[in-house]
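Below, chains carry the letters A, B, ... as their sequence lines are ordered, and counting in each starts from 1. Just so you know, these numbers use all the heavy atoms, side chains as well, and skip hydrogens, waters and symmetry mates.
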Amino acid sequence: MNKILRTLIPFDIVKGLSITGKHFAKVFFSANRRKVPFHITSEYPEVPAKVQPRYRGRLTLLKDEQGEIKCVCCLACEKICPTQVITIEKGKKEGRKMPFPVRYDFEMERCIFCEFCVESCGFDSIILNHQFELAAYNREDFSIGMEGLGQNMYEPSPVGKFSVADD
Amino acid sequence: MFKNEEMEINLGPQHPSTHGVLRVKLRLDGETITHCRPMIGYLHRGVEKICENQTFFQGQVWTDRMDYCSAVANNLGWAEANEKLFGITVPRRAQYIRTMLNEFNRLASHLIWLATHALDIGAMTVFLYAFREREDILDMNEAFCGSRLTTTAFRIGGLREDLPPGFEKLVKKFLAKFPDCIAEYENLLNENRIWKKRTIGVAKLSAEDAIALGVTGPVLRAAGVPYDIRKAFPYAAYAEMNFDVPTRTEADTYARYLVRMDEMRQSARIIQQCMDGMPEGPVMAKLPKILKAEVNEVYHATEAPKGEIGYYMVGEKGSGNPYRFHVRAPGFINLQALPKMAEGSLIADIVAAIGTLDIVLGEIDR
Ligand code: SF4
Ligand code: SF4
């Protein structure tokens, strides 16, 4: 008898629908979606996404207070990079005792954002910044050097420059 | 040989329910599968060979990219295999943090399994709810190591950094709401008649067959064999944890579902214990500057969410690279059971059989 009743009346479906309905009502009856904690999805391009402090983004060369590049060409980062995307050329600069990188090339398309380079650098001269919007239309835009047209090693990638919204 | 009425079809490699680029060659007699062979290799990248050409330290990034749904578990096995090779003892705090992150990863992996498996069989709602919880876990990954999926979480000898400030709050918040979430999934599925019709008695694999084929993980435990490496050969901090190994005896898709749901509860329990008993201290052991191996070989197996993941490494004297690097991937071995499960059943059930094995092709093809 019980079994027949259960077959005839779809309790299971009612149970499932009540869960869906509960969540629907929770969000639907909260007037301003941005203020209530119930919604899960974020309105990403309008509301900028937040990243955690340790987020691993694009490789960036740091400068010290005088505006000098901190890197001293010890080549530790070049050696440890698992995908060999960093190429450094040692050079001299007038008025500077330490070696100076005349070339610091970074092929972003092959970088796997592992942060081994930052970890190996004993001079704190590179970081991975918090950028994640790194898409570009051309392959050349991923080859980042000391002086670049679109982007270079000191500044963050121009966000939005390559995006469709800007056209 | 073909009989007159038989027909051969390919499932995949771009079929959404094959969880990646798996191609299954099926021979059908009407709707019944008479012959089934999985064809793999579409995602082969040569991870093992790449690792042999790189230093021990660099190998970790490739383990992330094998089973991308459970990267932390892969990292853990890799780190412990290296520590075994070099004879390094890891500080206790690091062990606890590793254990905790590994269990979070098990939750994430089981949640993505639940989501996609239910979606394949036709329950869309669970997909959305499971991804909601997985998002919290990925956020914790990001807070700890800066990346959500390809974590590169550990280092040989410990961790790179301690837990970030505020991590405990995230864990507490998650643990407070997670039991309700599991109850929600179970309310949606456990009694659902469509779910039951499509899973009970489907894709059976007996304990003898499972052992003969080398199948591990929840698939083996659902056949009644209580084999879990966390209990059998404890590693990290599992020896100090108090947890059960859920098993079932039905050995069908529904039993595997129940085993995985119970495992999620146990994982939450282990995380709670890790949080309560977290010791203080350093998180990194003292290491020599350059890791140079002796002639030595190790095999280290850990319990990944999908089964036993083992790393086999051979060191060469004076070399910083492994001479041989081999991975025993759980998905690769578990996939062997697919013909056994699917032959003789209906074609609609092969989707359930692939889903219940919980395979990730990045790991199978490596
Ligand atoms: S993050 Fe990793 S892959 Fe990228 S440049 Fe640094 S070491 Fe190389
Ligand atoms: S490790 Fe640091 S100092 Fe050395 S070359 Fe790289 S960026 Fe420059």
What donor-acceptor contacts under 3.5 angstrom involve side-chain atoms of residues 161-181 of chain B, with partners at least two apart or in another chain?
unit_1	atom_1	unit_2	atom_2	d
B/Asp162	OD1	B/Arg93	NE	3.2
B/Asp162	OD1	B/Arg93	NH2	3.1
B/Asp162	OD2	B/Arg93	NE	3.1
B/Lys177	NZ	B/Asp136	OD2	2.5

Partners meeting ring pair (Phe, Tyr, Trp, His ring centres under 6.0 Å) with A/Tyr55 (sequence neighbours left out) | none
Could you look at [X] and say if it's the side chain, the backbone, both or neither that has a heavy atom under 4.5 Å from chain A?
{"X": "B/Thr55", "value": "neither"}
{"X": "B/Trp62", "value": "side chain"}
{"X": "B/Phe144", "value": "both"}

Counting only heavy atoms not in [X] (residues, nucleotides, ligands), do more than 12 fall under 6.0 Å from its [atom1]?
{"X": "B/Leu128", "atom1": "CG", "result": "yes"}
{"X": "B/Tyr323", "atom1": "OH", "result": "no"}
{"X": "A/Lys79", "atom1": "NZ", "result": "no"}

A/Gln52 backbone acceptor or donor facing B/Glu142 side chain under 3.5 Å | yes
Of the listed residues (B/Gln60, B/Gln54, B/Arg148), which shares the most heavy-atom pairs with chain A below a 4.5 Å separation?
-> B/Gln54
Can you tell if the side chain of A/Ile19 reaches within under 4.5 Å of the side chain of B/Leu188, non-hydrogen atoms only?
-> yes
Examine whether an atom of A/Ile80 lies under 4.5 Å from a heavy atom of chain B, and if so say whether it belongs to the side chain, the backbone or both; otherwise answer neither.
-> both
Per-residue contacts, residues 81-88 of chain A versus chain B, heavy atoms under 4.5 Å | A/Cys81, A/Pro82, A/Thr83, A/Gln84
Going by the salt bridge (charged side-chain N to carboxylate O under 4.0 Å, His left out) test, which pairs reach into residues 116-132 of chain A, not counting sequence neighbours?
-> A/Glu119-B/Arg155, A/Glu119-B/Arg160
